[in-house]
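Here the structure comes first, spelled out in structure tokens, and everything after it is commentary.
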Protein chains: 2
Amino acid sequence: MRISDVAKHAGVSPSTVSYVLSGKRSISETTRRRVRESIDALGYQPHAGARSLASRRSNVIALVIPLREDVHVPVAMRFAVSVTTSARTHDHDVLLLTQGEGPDGLRRVAGSAMCDGVIVMDVEADDARVPVLRSLDLPSVLIGVPEDVEGLTCVDLDFAAAGAACLHHLADLGHTDVAFVGQPPSVYERRTGFAERTVAGYEAAARERGVRATLHPCSPDTARDVAAGLVRDRPDLTGLIVHNEPSVAPLLDAFQELGRTPPELSVAVIGPPAPVVPPLTSVDLPAEAVGARAVQLLMDKIDGLGGPGVTLLEPRLTPAGSTAPRT
Amino acid sequence: MRISDVAKHAGVSPSTVSYVLSGKRSISETTRRRVRESIDALGYQPHAGARSLASRRSNVIALVIPLREDVHVPVAMRFAVSVTTSARTHDHDVLLLTQGEGPDGLRRVAGSAMCDGVIVMDVEADDARVPVLRSLDLPSVLIGVPEDVEGLTCVDLDFAAAGAACLHHLADLGHTDVAFVGQPPSVYERRTGFAERTVAGYEAAARERGVRATLHPCSPDTARDVAAGLVRDRPDLTGLIVHNEPSVAPLLDAFQELGRTPPELSVAVIGPPAPVVPPLTSVDLPAEAVGARAVQLLMDKIDGLGGPGVTLLEPRLTPAGSTAPRT
DNA sequence: GTGAAAGCGCTAACAC
DNA sequence: GTGTTAGCGCTTTCAC
């Protein structure tokens, strides 16, 4: 089943079928309909390899997913699904690259023309893949923001604004002593962009508002200790910002056992709304929007449109019962 | 940069370069070396589309990942990563299909020759994709086992054996009253193979051993109620089997508050070892092994080797401090 | 052990 | 608005 079979069936030339499919030149309404009918009748599907050979377009994008222990998998998956779904609306498929392949994976897919572009997740401040991307002339979009963004196209949530939004929210409620429970230490050590920027936004806002503000890296299994340490050392603490999805539940449990429960201890979280009752004041992480935007930007680049630039999506803080005015 | 450039550089014909790359005919050691050197010197990489057009092999496999609310994402991701990594060792890449595309996604990638085969995850007892797979003559491997396995190649953990192993372990310790806390109700309603089989194995073993055994679907937000119900209605309960990864922590917390802690209440879990201290007696879910096996089986099918069949990997129960003899 | 050349199925000039 | 045709870059017969 090839394009010439469809052409014969419809009584037109192969190129006409091709143009009906691509819409790259105008076709009379009658011809278009006849061709469409033949395509349906025969169940024709173009051969992807032949198409990519002739058109120099694979209609595939690559997605590099993170695999680190300290990356919250469900969030990564939300990005991946969003990218895949969005790509389909642009008639592209998604090739999965694991971070384990590193820069070589990028060279491989670029060199063999397996994909038209690549989306890289979990970008660090000084990411080894960035120089490779610069040298590769493969259209790319980063989800995350490295230190040097020269020539790159990046998308992310405005994490600095998210950190600031939480602090301003608490400051507006009268809190003057706040702690920030963050990502596992390793995340800061490898200088993951989003984590650094969140803290920077939080600390800047705290200075601005004259709020006492400290930082406490955390992971689910150290949550208990972090809570105990805060209760012991910070008697005046009334505000808590948590930027660590899987630690939210253990942290709240620990604080509760220590006699501190929201909203007496006002808690705001940065991340997907945890399915806890009652709901928490939170800044959502719009993975779907970020993924869709990344795909859109990549499609533009593939089509030679748009230049480099950093797109930061505005965070939205949703107040809930876990934060209240200081008493 | 094409194969003919490499051929010229090495002073051989294009076909010789092709054969050096594919190993499909014998090449003299000297020629092989010269060609290899030219390939390295020029940094040649074959064009994937051209290759797939000429050879009718894309060297890509598709992977359908589940996206359901009730599927535990980190486990699904472990499968996906294992499949991707294994595929690379067989010189294949992985195309991501979301479950949202359903049967049409399979038809699409099969019809356009985008991939040589497909691996389908999260298979249900009566799965809509199975008849499509049967009609498609696209090599496929299912991770999971549907009701009718005629003509299919399936891999999975032997969940029936896992359920039985937990019960036998508890029975060996003298427990005679056991409860099984399972997946969310929706998982059973849509008849997901692995959940049904686990329960079946558990119940059969319980009958065999004369143990009182009941089933309790659960999700993280109903864990508290499930625990309360069991404490209230089952005063003689001393054994618990949990087949619900994200509910383990809330469940144990709830039981603790009700005065029941391991190993007085002996708890065994089916799933990846939870990072809790002290560790729990558990049956591991060998996602890596299952993914690797699925890829191996698929590669064999693509090469025309091996027939249909169901491969069940033996579970391994690792005893730990959460289970103890009944007192 | 190696080379020549005929496709693989499609796209996009070019021609009308 | 439509048809003809020359590639796209590789694999694989066929021939030696």
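All values reported here derive from a predicted model rather than from experimental measurement. The sequence lines fix the lettering, A, B, ..., with proteins before strands; numbering per chain opens at 1.
- Side-chain atoms of B:T89 and B:S86 form no donor-acceptor pair, as typed in the model, at a separation below 3.5 Å.
- Within 4.0 Å (heavy atoms only), A:T31 reaches sugar-phosphate atoms of the nucleic acid but no base atom.
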**OP:** Could you encode protein contacts along nucleotides 9-16 of chain C as a string, one character per nucleotide from 5' to 3', using B for base contact, S for sugar-phosphate-only contact and - for no contact, with a heavy-atom cut-off of under 4.0 Å?
**Re:** BBSBBB--
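- A donor-acceptor contact closer than 3.5 angstrom is absent between the side chains of A:S55 and A:R57.
- Residues satisfying the side chain to side chain contact (heavy atoms under 4.5 Å, CB included) test with B:D91, not counting sequence neighbours, are B:N59, B:R88.
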List the atom pairs, donor and acceptor, that lie under 3.5 Å between side-chain atoms in residues 146-153 of chain A and the rest of the protein, sequence neighbours left out.
| unit_1 | atom_1 | unit_2 | atom_2 | d |
| --- | --- | --- | --- | --- |
| A:E147 | OE2 | A:R191 | NH2 | 2.8 |
| A:D148 | OD1 | A:E150 | N | 3.0 |
| A:T153 | OG1 | A:K301 | NZ | 3.0 |

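- Closest heavy-atom contact between B:I119 and B:V83: CD1-CG1, 3.9 Å.
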